[in-house]
Amino acid sequence: MTHSTSGLCTRSRRAKAATAAACLAVLAALAGCGTDEEPARPSSDRAQATQSPTPSADRSSPAPSPSPSSAPDTLTELAERPCLALDDEDTGPGKLYVVFEGTEKQYKDTPKSCQWGAQGGLVDFTPHPEADLTEDKRYRDLTPRTIAGRRALLGTPSRHSEGSCIAFVSAGNGQSFQLTVVPFGEGAPGPDAPTLATNFAKAILAHLK
């Protein structure tokens, strides 16, 4: 499966009219959209593939609250506790405006991920401490970007809804992380998918050592 770059990560910005209740309704319909990918084994057909896990094949739990003493500061540590990638300051209304706290998810044979509901859409974060996927030729159809001085690739996964965005961001030392953004839909408040992915990436990178 290839990634489309035409109309890269676009969505309408007529976004300020919807209410928070509308976001909540769409969240119920879209929950888990970003976590169905199989980023642990990158390939053009696996990067966007979705699956329907059985109840025994997945785990989901609320994110622990980060504190200065417990928050991980390396991607390897975040691979075990991905929801600690952001702190309370990051998620506030003046910044990422997270309206649904992070939930840790793991499906069979895939890395742990964390999904937040932010103003603008669902954001799924998956650390890849074992590989820098920005150098993977399978993703050469994505568009190169620089985020906070780091190499990144952004594009629209063709099997997701219109306006969604996938991003791979280099964390240095042969590591990377993935962000998948699924917007709440036309009329919902908040930034578009690529802006949301970029904002989350900057916040995560600011904590990494």
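In this text the structure is predicted, and so the values were computed from the model without any measurement.
- With hydrogens and angles disregarded, no donor-acceptor distance shorter than 3.5 Å links the side chain of Glu77 to the backbone of Arg81.
- Asp90 pairs by the salt bridge (charged side-chain N to carboxylate O under 4.0 Å, His left out) definition with nothing, not counting sequence neighbours.
- Closest of all the heavy-atom pairs between Cys165 and Ala197 is SG-CB, 4.4 Å.
- Screening Gln178, His128, Glu130 for a side-chain contact (heavy atoms from CB on, under 4.5 Å) with Pro111, the sole residue that qualifies is His128.
- With sequence neighbours left out, Arg150 forms a side chain to side chain contact (heavy atoms under 4.5 Å, CB included) with Val169, Leu205.
- For Phe125 and Phe200, the ring centers are positioned 6.0 Å apart or more.
- A salt bridge links Asp132 with Arg151: at least one charged nitrogen is closer than 4.0 Å to a carboxylate oxygen.
- Using modelled atom types, one side-chain atom of Ser176 and one backbone atom of Ala131 make a donor-acceptor pair closer than 3.5 Å.
- Taking all atoms of both residues into account, the shortest heavy-atom contact from Ala201 to Ile147 is CB-CG2, 3.9 Å.
- In this structure Lys95 satisfies the salt bridge (charged side-chain N to carboxylate O under 4.0 Å, His left out) test together with Glu89, sequence neighbours excluded.
- Here the side chains of Leu154 and Thr198 are in contact, with some heavy-atom distance below 4.5 Å.
- Looking at every heavy atom in both residues, Leu133 comes nearest to Tyr139 through O-CD1, 3.6 Å.
- Summarising the geometry, atom CZ belonging to Phe168 is positioned 6.5 Å from atom CG belonging to Leu142; distances are rounded to the nearest 0.5 Å.
- With rounding to the nearest 0.5 Å, the separation of CG in Leu153 from CZ in Arg140 is 12.0 Å.
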